[in-house]
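Quick notes on the structure that follows.
Lettering of chains follows the sequences in order, A, B, ..., and the numbering in each one begins at 1. Computed from a prediction, not measured in an experiment: that's the story for all the values here.
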2 protein chains.
Amino acid sequence: MVYHKTEKVLEKQQSRKRKILNAARELLAEKEMGSASIKAIAKKAGIATGTFYLYFKDKDALIDTMLKEIYKELLDLIKKERAPYTNGFDKLEATMKACINMFMSKKNLARILLDLTPQNNAVFNTKFTDIINDLIWLTKIDLDELMEQKLIPEQDTQVSATAFVGAFREVILAWINSDEPLNEEQAYRTLINFNLRGLGKS
Amino acid sequence: MVYHKTEKVLEKQQSRKRKILNAARELLAEKEMGSASIKAIAKKAGIATGTFYLYFKDKDALIDTMLKEIYKELLDLIKKERAPYTNGFDKLEATMKACINMFMSKKNLARILLDLTPQNNAVFNTKFTDIINDLIWLTKIDLDELMEQKLIPEQDTQVSATAFVGAFREVILAWINSDEPLNEEQAYRTLINFNLRGLGKS
DNA sequence: ATAAAAAATGAATACCAGTTCAATACATGT
DNA sequence: ACATGTATTGAACTGGTATTCATTTTTTAT
């Protein structure tokens with residue numbers, strides 16, 4: 001006798017995997033991240049703890065998958081928002097605006113992607129660092145282009161890109177963890193101007 | 001019968017407390033911070049695990065004390081380096097140079113003060129956030145003064161200060177965790193210029 | 001030197017999170 | 001309906017860390 005999964009079962013399984021990923025996202029995004037235990041995730045996803053291991057090899061695999069997913073969502077949005085522009089500064093500004101909008105509307109995503117405060121998990125930290133480094137690397141590409149075109153002064157673009165991302169990250173995190181800035185417009189402009197001026201936009 | 005501690009004993013106890021604090025610093029500064037267990041700290045300090053609890057109420061108390069100490073050391077150095085200057089920009093630059101020098105020469109301090117990557121400890125995270133916020137607050141004071149004097153354009157100084165600290169932190173961390181920049185001088189100047197230009201130094 | 005007081009010890013304890021697994025429930029094909 | 005393959009369950013297991021505490025060592029005062 002051979003057993004073949006029916007459509008209904010396949011769908012149920014996919015839905016469960018999604019539920020696990022969503023539960024993990026929600027729990028990780030909450031302030032007290034200690035709460036993101038397998039037991040808690042399983043409970044939130046509506047399954048038994050053992051069931052978790054039918055969908056993911058271990059906790060590391062879950063975190064890996066989750067971070068990849070979130071990062072992809074961010075990159076896709078950035079790509080879309082940058083598409084209309086060819087000028088380097090416009091592209092950078094579009095990138096920042098895309099990030100601000102995404103992070104402010106989906107604060108839980110932002111907490112996971114920008115805030116590494118509370119993780120004890122080695123894979124999480126490694127993956128996380130990789131993502132930040134990747135963002136810095138993408139920024140550096142833009143800066144090298146701008147420097148090539150003499151639109152910004154001679155500088156160590158690796159350092160500038162790191163500073164750029166660092167400034168951005170700290171501000172967004174402050175907004176997320178406290179309450180919004182009083183004057184959104186001015187705050188946004190201040191951040192964007194800080195970074196663009198920092199590069200030496202002439 | 002009444003027991004009074006003799007000088008020798010008091011000194012020995014103070015020295016032990018120091019040894020515990022130093023052991024904690026060294027272990028926390030190492031890459032794999034999971035190793036900073038009470039057992040490891042006690043071992044490094046040359047005492048039994050139980051003895052630790054004669055000197056600190058619990059692990060949280062140790063971390064609290066340690067972070068306060070380190071932060072005080074940093075603030076003292078900053079204060080000293082700023083003393084010669086009255087101009088706002090000079091003061092900011094002196095602050096940055098003091099931090100760069102301290103962090104690059106005492107990388108373990110920097111890892112503890114700037115990099116919260118691997119802690120699971122709630123008190124550590126809270127304390128850490130407090131310290132960063134304090135640094136931002138101190139920066140904001142300088143910026144308000146500069147804005148008052150019309151030396152930088154109108155802006156949300158809370159945001160600028162946050163960006164300033166964030167850029168600085170990210171770059172220093174990158175230097176600490178990888179290897180030094182190839183061209184130290186240019187890298188330092190790039191970072192300092194980024195931040196000063198970011199403010200809109202005219 | 002001796003007894004009381006304090007400090008130090010480290011094995012035992014308590015606790016908590018990730019993971020396993022024997023038992024159970026459900027799905028499939030005949 | 002039945003037999004067999006697969007999925008689910010949750011209690012038990014594992015490993016690791018903070019903390020305690022009965023015992024031992026050291027210090028003090030007589």
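- For the pair Asp58(A) CG and dG15(D) P, the interatomic distance rounds to 16 Å; values are reported in whole Å.
- Geometrically, Lys17(A) engages Phe56(A) in a cation-pi contact, judged by NZ or CZ lying under 6.0 Å from the ring centre and within 45° of the ring axis.
- The nearest whole Å value for the distance from the CG atom in Leu54(B) to the C1' atom in dT26(D) is 13 Å.
- Two residues, Gly50(B) and Glu7(B), neighbour DNA chain D, and the one matched to the more 5' nucleotide by heavy-atom proximity is Gly50(B).
- Here dT20(C) presents its C1' atom at 14 Å from CZ of Phe52(A), a figure rounded to the nearest Å.
- An OP1 or OP2 oxygen of dA7(C) is reached within less than 4.0 angstrom by no side-chain nitrogen or oxygen of Arg16(B).
- Out of dT19(D), dT19(C), dT8(D), the shortest distance to the side chain of Lys59(B) is found at dT19(D).
- Within 4.0 Å of Tyr55(B), counting heavy atoms only, lie sugar-phosphate atoms of the nucleic acid but no base atom.
- Summarising the geometry, the separation between CD1 on Ile41(A) and P on dG10(D) is reported as 17 Å, rounded to the nearest angstrom.
- Rounding to whole angstrom units, CZ of residue Phe56(A) and C1' of dT20(C) are separated by 19 Å.
- Of the candidates dT6(D), dT8(D), dT19(C), the closest approach to any side-chain atom of Lys5(A) belongs to dT6(D).
- Taking the six-membered ring for Trp and thresholds of 30 and 60 degrees, Phe194(A) and Phe164(B) have ring planes more than 60 degrees apart, a perpendicular arrangement.
- Taking side-chain N and O atoms only, Tyr3(B) has no distance below 4.0 Å to OP1 or OP2 of dA6(C).
- Within 4.0 Å of Lys8(A), counting heavy atoms only, lies no atom of the nucleic acid at all.
- Between the CG atom of Leu28(B) and the P atom of dT17(D) there is a distance of 14 Å, rounded to whole Å.
- What separates NZ of Lys19(B) from P of dA8(C) is a distance of 12 Å, to the nearest Å.
- Checked against dT9(C), dT28(D), dT28(C), the side chain of Val9(B) finds its nearest nucleotide in dT28(D).
- Between the side chains of Asn193(A) and Arg197(A), no donor-acceptor pair is found at a separation under 3.5 Å.
- Counting to the nearest Å, the P atom of dG15(D) and the NZ atom of Lys39(B) are 14 Å from each other.
- Remark: the backbone N or O of Gly88(A) is not paired with any side-chain donor or acceptor of Asp142(A) at under 3.5 angstrom.
- For the pair Lys57(A) and Ile47(B), both in contact range of DNA chain C, the more 5′-proximal nearest nucleotide belongs to Ile47(B).
- Set against dG29(C), dT28(D), dA8(C), the side chain of Gln13(B) has dA8(C) as its closest nucleotide.
- Taking the side chain of Ile38(B) as heavy atoms from C-beta on, and the options dA7(D), dA27(C), dA18(D), the nearest nucleotide is dA18(D).
- Which of dG10(D), dT28(C), dA18(D) sits closest to the side chain of Thr49(A) comes down to dG10(D).
- Between the side chains of Asp130(B) and Tyr71(B), not a single donor N or O lies within less than 3.5 Å of an accepting N or O.
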